[in-house]
Amino acid sequence: MPQHVKEYLPNFHYLLYDLSDYSDEEIKGNAQLRIMLKLLRDVATKSTEEFLRSFYEASHALLEIEDKQKGIEFFEITLRYVFNAVRDLTKKDMEQIVRQIETTFPERSEVAMTLADILREEDMQEGLEKGRQEGASQALAKTALQLLTEKFGALPEDLKEDIKEADLATLETLLQNIFKYQSIDDVKKFFEQ
């Protein structure tokens with residue numbers, strides 16, 4: 001690379017620390033640092049149940065934060081991280097976290113409840129989006145069936161089922177190529193790919 005270009009390229013040195021071998025006692029620093037390092041260590045290496053146990057233990061360090069507002073904000077960030085990082089977290093696990101927080105930190109339970117509500121709303125939005133996609137798939141399947149029937153006459157039942165069960169992307173591709181098909185066998189080959 002030419003020198004006049006190199007001077008504009010960042011040249012970073014990375015410091016990587018493997019925390020997986022560190023015990024809770026070996027992780028030092030202020031409460032916020034200890035909580036985050038423990039959670040980062042455990043989220044990828046422990047089962048959901050073990051991680052939740054670590055989360056509860058780490059969250060006790062929140063009591064050490066003197067500035068209560070700052071503590072609540074950090075607590076909210078921590079909960080968001082937990083709810084987003086642990087992919088196999090169930091609604092039951094979320095409810096257990098909320099109950100544990102209400103018991104241990106009554107002044108912070110409002111934050112946990114707010115986050116749980118946000119997550120439920122996000123789940124509802126995902127459900128709505130999935131419903132929209134299913135509705136769009138049904139509409140495209142109906143259109144494909146009508147156009148293919150118009151073009152080739154009665155369609156075999158197995159082909160009708162393939163079309164009805166196809167996902168949105170498959171149906172879009174099928175409809176984009178509908179005028180290229182010369183026979184019903186061409187359409188069948190499309191589903192055999």
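Only this structure's heavy atoms are used, side chains among them; waters, hydrogens and symmetry mates stay out. Residue numbers run from 1 in the order of the sequence given. Fair warning: this is a prediction, and the values are worked out from it, not measured in the lab.
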Non-hydrogen atoms of A144 and L174 that approach each other most closely
CB-CD2, 3.8 Å
Is the count of non-hydrogen atoms from other residues, nucleotides or ligands lying under 6.0 Å from Q146 atom CD greater than 12?
yes
Run the side-chain contact (heavy atoms from CB on, under 4.5 Å) test against K180 and tell me which residues pass, sequence neighbours left out.
N177
Can you measure from CG (L37) to CD1 (I27) and round to the nearest 0.5 angstrom?
5.5 Å
If you count heavy atoms of other groups shown closer than 6.0 angstrom to CD of E26, is the number above 12?
yes
Verdict with reasoning, L155 to V187, per side chain to side chain contact (heavy atoms under 4.5 Å, CB included):
CA-CA 10 Å; L155 302 174; V187 181; over 6 Å; no
Spacing of CG belonging to D42 relative to CG belonging to L52, to within rounding of 0.5 Å:
10.5 Å
Could you tell me which non-hydrogen atom of S54 sits nearest to which non-hydrogen atom of K46, and how far apart they are?
OG-NZ, 3.4 Å
Minimum heavy-atom distance between I184 and P156, given as atom pair plus value
CG1-CD, 4.2 Å
Apply salt bridge (charged side-chain N to carboxylate O under 4.0 Å, His left out) to E157 and K160, showing your working.
CA-CA 5 Å; E157 287 302 315; K160 287 182 185 178; 3.3 Å; yes
Please enumerate all residues that pass side-chain contact (heavy atoms from CB on, under 4.5 Å) together with L40, with sequence neighbours excluded.
Y81
For the pair K38 and D24, evaluate side chain to side chain contact (heavy atoms under 4.5 Å, CB included) and give the outcome as yes or no after the intermediate values.
CA-CA 7 Å; K38 289 176 186 180; D24 288 353; 3.8 Å; yes
Quick check for you: to the nearest 0.5 Å, what is the distance between M36 atom CE and L19 atom CG?
11.5 Å
Between CD1 of I163 and OG1 of T143, what distance do you get to the nearest 0.5 Å?
11.0 Å
Where do D185 and K188 land on the side chain to side chain contact (heavy atoms under 4.5 Å, CB included) test, with the steps shown first?
CA-CA 5 Å; D185 291 331; K188 287 180 179 178; 4.1 Å; yes
Rounded to the nearest 0.5 angstrom, the NZ-CG distance for K142 and L140 is 12.0 Å
How long is the gap from CG on D162 to CZ on F190, to the nearest 0.5 Å?
10.5 Å
Measure across G29 and L33 and return the closest heavy-atom pair with its distance rounded to 0.1 Å.
CA-CD2, 4.0 Å
Test of understanding: with salt bridge (Lys or Arg N to Asp or Glu O under 4.0 Å), list the residues that count as partners of K151, not counting sequence neighbours.
none
